[in-house]
Amino acid sequence: MTAWVLAVDLGGTKIESALVDAEGRLLPGSRFRAPTGGRSSSQQLETSAVSVIQQALGALPEGDEVIGVGIGSAGPITVAEGLVSPLNLPAWRDYPLKALAERLVPGVPAVLRMDGECITLAEHWIGAAPGEDNLMGMVVSTGIGGGLILGGRAVAGPTGNAGHIGHVEVGGFDDPCLCGGTGCVEAIASGPHTTRWAQRQGWSGESGEDLAASYAAGDPIAIAAVRRSGTAIGQAIASATALVDLDVVAIGGGFSHVTPDLFDIVREAIAKRAPFPFVAKVRVVPSGLSGEGPLVGAAALIHRAGYRS
Ligand SMILES: [Zn+2]
C-alpha cells in the first residue's frame with residue numbers, strides 16, 4: 001500500500017493537482033491541470049480547482065490511501081484561515097481554498113502554504129540544494145516568488161507570506177508594481193515586465209521565448225533587458241542574504257531559462273553589492289526541479305512536515 005499526498009499548485013495561469021509519493025514521485029496519470037487566468041470569475045476558478053482535485057483523487061490506485069492534501073498557492077495567502085488572494089487572480093480575494101480541499105478530500109489534514117515555500121521545500125528535498133539548511137528558493141516567471149529555509153526549517157511567518165522576495169524593493173529602479181509599490185523586483189524582472197521594458201526600448205518581439213531568441217542572436221535591446229532584470233534579481237538576493245545569511249539561492253521558473261548568462265549577471269550584481277563576505281558567499285544555482293517541482297513541493301508540506309513551519 002502506498003501513502004500518497006494529493007498535491008495542489010495554484011498559479012496565475014493554471015491550477016494543477018497530482019498524487020505524490022514519499023519519495024517525491026508523481027503517480028503517472030494522476031496529474032491534471034485546468035486554466036486560471038486574471039480574467040476568470042471566482043466561479044470559473046472554483047470549477048477548475050474542483051475538477052483537478054477530483055481527477056487526481058480519481059487516479060488513486062485501489063488499496064492505496066491519501067494521507068493529506070498539500071496546497072501551494074501564489075501569494076498572498078492567509079495561512080491561519082486557509083485563504084488565498086493571488087495577486088494575478090483578482091477574482092479570488094480571501095478565497096477559502098483550504099476549506100474547499102478539505103471538503104473534497106475529507107478526513108485527512110490539509111496544509112496551505114505559499115508556492116514559494118513549496119518549491120523551496122522541493123529544492124531541499126529532491127532539487128538543487130538537498131540538505132542545504134539556509135536556502136532561498138526563487139521562481140522567476142509571470143511573477144517572482146520565493147521561500148526560505150533557515151536553520152533547517154521553512155519559515156512561513158505569522159501570515160504565511162515570508163519569502164515574498166518579488167515585492168522587495170531594489171535600488172535604482174522606479175518601475176510601478178501591481179502591488180501598489182514601486183521598484184519591486186517583480187515589477188522589473190518578471191518575464192512579462194522584462195519583455196515590456198524591451199518593447200518600450202523599441203524591441204519588436206512579444207514573449208519571453210522571443211526575448212530568449214533575440215538575446216541568443218545578440219540583439220542589443222534584448223541583452224540590455226536581460227542584464228537589467230538579472231541585476232535587479234542579484235540586488236534583491238544580496239539584500240535578502242544581508243538580512244538572513246543565506247548559503248544558497250536556487251532559481252527556477254520559465255524566465256530563468258531566458259539565457260544561461262542570466263546566472264552570471266545575477267552573480268555579478270551580488271558581487272558588486274556585497275560589501276561583506278557573508279553576503280558574497282551566497283551561491284546562486286539553477287533549480288534542480290523539473291516542471292513537477294511545485295507539485296512535489298506541495299506534497300512536501302505533508303511528506304516532509306518536519307521541515308515546514
Ligand atoms: Zn510589488
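As a basis for the values below, the full set of heavy atoms in this structure was taken, side chains included, without hydrogen atoms, waters or symmetry mates.
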Could you go through residues 149-165 and list every donor-acceptor pair under 3.5 Å that involves a side-chain atom there, pairing it with any protein atom two or more places apart or in another chain?
| from | atom 1 | to | atom 2 | distance (Å) |
| --- | --- | --- | --- | --- |
| R153 | NH1 | G306 | O | 2.9 |
| R153 | NH2 | R308 | O | 3.4 |
| T159 | OG1 | N161 | ND2 | 3.0 |
| N161 | OD1 | I77 | N | 3.0 |
| N161 | ND2 | I77 | O | 2.7 |
| N161 | ND2 | T159 | O | 3.4 |
| H164 | ND1 | N161 | O | 3.3 |

### Query
Got D133 and H124 here, is their nearest side-chain heavy-atom distance under 4.5 Å?
yes
### Task
Could you check if a side-chain atom of V108 sits within less than 4.5 angstrom of a side-chain atom of I67, using non-hydrogen atoms only?
no
### Message
Does any part of the side chain of I15, heavy atoms only, come nearer than 4.5 Å to the side chain of L45, both counted from C-beta?
### Response
no
#### Entry: same_hphob_cluster(V20, L121) at 4.5 Å side-chain heavy-atom cutoff
no
### Task
Determine the minimum heavy-atom distance between T182 and D174, stating which atoms define it.
CG2-O, 3.3 Å
### Task
Mind listing the closest non-hydrogen atom pair of I144 and S190 along with its distance?
CD1-N, 3.8 Å
### Backbone N/O of G288 and side chain of E123: donor-acceptor pair under 3.5 Å
yes
#### Entry: For T120, the option from V139, L148, L135, D115 that meets side chain to side chain contact (heavy atoms under 4.5 Å, CB included)
L135
### Task
Would you mind reporting whether L112 and L301 have side-chain heavy atoms less than 4.5 Å apart?
no
### Query
Which atom pair, heavy atoms only, marks the closest approach of A56 to L19?
O-CD1, 3.4 Å
### Task
Decide side chain to side chain contact (heavy atoms under 4.5 Å, CB included) for C179 and C184; before the verdict, give the C-alpha distance in whole Å, the side-chain angles of both, and the deciding distance to 0.1 Å.
CA-CA 9 Å; C179 76; C184 297; 3.7 Å; yes
### Query
Is there a side-chain contact between Q54 and L104 (heavy atoms, below 4.5 Å)?
yes
### Message
I'd like to know if the side chain of R93 and the backbone of P86 have a donor-acceptor N/O pair within less than 3.5 Å.
### Response
yes
### Query
Is the number of heavy atoms from other residues, nucleotides or ligands under 6.0 Å of R39 CZ greater than 12?
no
#### Entry: Partners meeting salt bridge (charged side-chain N to carboxylate O under 4.0 Å, His left out) with E117 (sequence neighbours left out)
R113
### Query
Is any side-chain heavy atom of H167 less than 4.5 Å from a side-chain heavy atom of L87?
yes
### Task
Please check if atom CZ in F263 has more than 12 non-hydrogen atoms from other residues, nucleotides or ligands closer than 6.0 Å.
yes
## Note on the structure
Nearest heavy-atom approach of G253 to H257 is O-CD2, 3.5 Å
### Message
For the NZ atom on K281, are there more than 12 heavy atoms of other groups (residues, nucleotides or ligands in this structure) within a distance under 6.0 Å?
### Response
yes
Could you tabulate the donor-acceptor pairs under 3.5 Å formed by side-chain atoms of residues 4-11, not counting sequence neighbours?
| from | atom 1 | to | atom 2 | distance (Å) |
| --- | --- | --- | --- | --- |
| W4 | NE1 | D64 | OD2 | 2.8 |

### Ionic contact status for R196 with D175, cut-off 4.0 Å
no
### Query
side chain to side chain contact (heavy atoms under 4.5 Å, CB included) between W92 and E46: does it pass, once the steps are laid out?
CA-CA 9 Å; W92 270 5; E46 191 172 294; 4.2 Å; yes
### Task
Check whether any side-chain heavy atom of T241 lies under 4.5 Å from a side-chain heavy atom of F276, and answer yes or no.
no
### Task
Could you tell me whether the side chain of L27 reaches within less than 4.5 Å of the side chain of T2, counting heavy atoms only?
no
